[in-house]
Amino acid sequence: MKILVTDDSKIARKMVIKTLNEATQNQLEIFEAQNGQEALDLYKEKNPDLTFLDLTMPVMDGFEALEKIKEFDKNAKVIVLSADIQKMSVDRVLALGAFNFIKKPIDLEKTQQILKKIAETL
């Protein structure tokens, strides 16, 4: 499974990747992006099965990146992973087509549930 992890914090990306690897015993091809523009570019190049996307980032935020990824691929599976859990933000990303919204930090059990759901759709 190919996964794109997008966050402007290198530490946050590493934590997500560590959790993903624990959940799958390292059976993943993982790409990293530091902002929404990098995420969009990498999405177009690598066509990942799943994208984890932070909301608050420089250059292009997660809202805009999600919108552009979904315009490029209406079937994109994007999980928004953010500390911003305001109802307005959650509602907005779901309306833009996010597969799910998870509050940071992500945990192993939630990661396993998501990966199982995604695998069922592939």
Side-chain angles (χ1 to χ4, degrees):
M1 184 181 288
K2 294 190 291 186
I3 297 181
L4 173 58
V5 177
T6 309
D7 198 304
D8 57 323
S9 164
K10 185 173 183 150
I11 293 168
R13 289 194 312 271
K14 295 298 177 201
M15 288 180 66
V16 171
I17 291 166
K18 180 178 182 281
T19 305
L20 286 167
N21 283 327
E22 286 174 10
T24 63
Q25 290 79 46
N26 298 313
Q27 299 173 355
L28 302 172
E29 188 176 358
I30 298 176
F31 310 100
E32 295 181 59
Q34 299 179 63
N35 61 61
Q37 184 61 57
E38 282 184 18
L40 178 61
D41 295 343
L42 270 172
Y43 190 94
K44 289 177 177 180
E45 179 185 338
K46 305 293 185 181
N47 191 28
D49 299 304
L50 178 61
T51 300
F52 285 88
L53 187 63
D54 185 28
L55 289 180
T56 308
M57 298 179 290
V59 184
M60 180 190 294
D61 69 19
F63 294 108
E64 186 177 356
L66 172 59
E67 189 172 9
K68 290 183 180 292
I69 288 169
K70 293 298 282 188
E71 284 173 6
F72 176 76
D73 177 4
K74 66 180 174 56
N75 297 315
K77 304 285 188 284
V78 180
I79 306 292
V80 173
L81 183 61
S82 180
D84 180 357
I85 57 165
Q86 297 174 61
K87 183 174 177 2
M88 191 171 79
S89 296
V90 175
D91 290 348
R92 183 174 172 199
V93 298
L94 294 175
L96 288 170
F99 187 77
N100 205 335
F101 183 100
I102 300 169
K103 181 184 181 299
K104 283 182 180 179
I106 191 168
D107 65 51
L108 182 59
E109 185 178 329
K110 187 71 172 174
T111 302
Q112 289 171 326
Q113 290 171 0
I114 289 167
L115 292 174
K116 184 176 183 227
K117 268 188 180 176
I118 295 294
E120 290 170 1
T121 67
L122 296 178

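For reference, positions follow the sequence shown, starting with 1. Because the structure is a prediction, the values reported are computed rather than measured.
- Residue pairs meeting the side chain to side chain donor-acceptor pair (under 3.5 Å) criterion with at least one partner in residues 3-16, sequence neighbours excluded, are D7-K104, R13-E32, K14-E32.
- Separation of atoms OG1 (T19) and CD (Q112) is listed at 10.0 Å; rounding is to 0.5 Å.
- Proximity of E29 to K46: side-chain heavy atoms (C-beta onward) are nowhere separated by under 4.5 Å.
- Counting only heavy atoms from C-beta outward, the side chains of K18 and N21 never approach each other to under 4.5 Å.
- At least one side-chain heavy atom of L50 sits under 4.5 Å from a side-chain heavy atom of L115.
- Taken from CG in L96 to NZ in K68, the straight-line distance is 12.0 Å, to the nearest 0.5 Å.
- Side-chain contact between L81 and V5 is absent, with no heavy-atom pair separated by less than 4.5 Å.
- Residues that satisfy the salt bridge (charged side-chain N to carboxylate O under 4.0 Å, His left out) test with D61, not counting sequence neighbours, are absent from this structure.
- The number of heavy-atom neighbours closer than 6.0 Å to CE of M15, taken from other residues, nucleotides and ligands shown, is 12 or below.
- When side chains are defined from C-beta on, F31 does not count as touching E45, because their heavy atoms never get closer than 4.5 Å.
- Residues E38 and N35 are in side-chain contact: their nearest non-hydrogen atoms beyond the backbone lie under 4.5 Å apart.
- Counting heavy atoms from C-beta on, the side chains of I114 and I102 come closer than 4.5 Å.
- In this structure, I106 CD1 and S82 OG are separated by 12.5 Å, a value rounded to the nearest 0.5 Å.
- The shortest side-chain heavy-atom distance between F101 and L55 falls under the 4.5 Å cut-off.
- With sequence neighbours excluded, the residues that form a side chain to side chain donor-acceptor pair (under 3.5 Å) with D73 are Y43.
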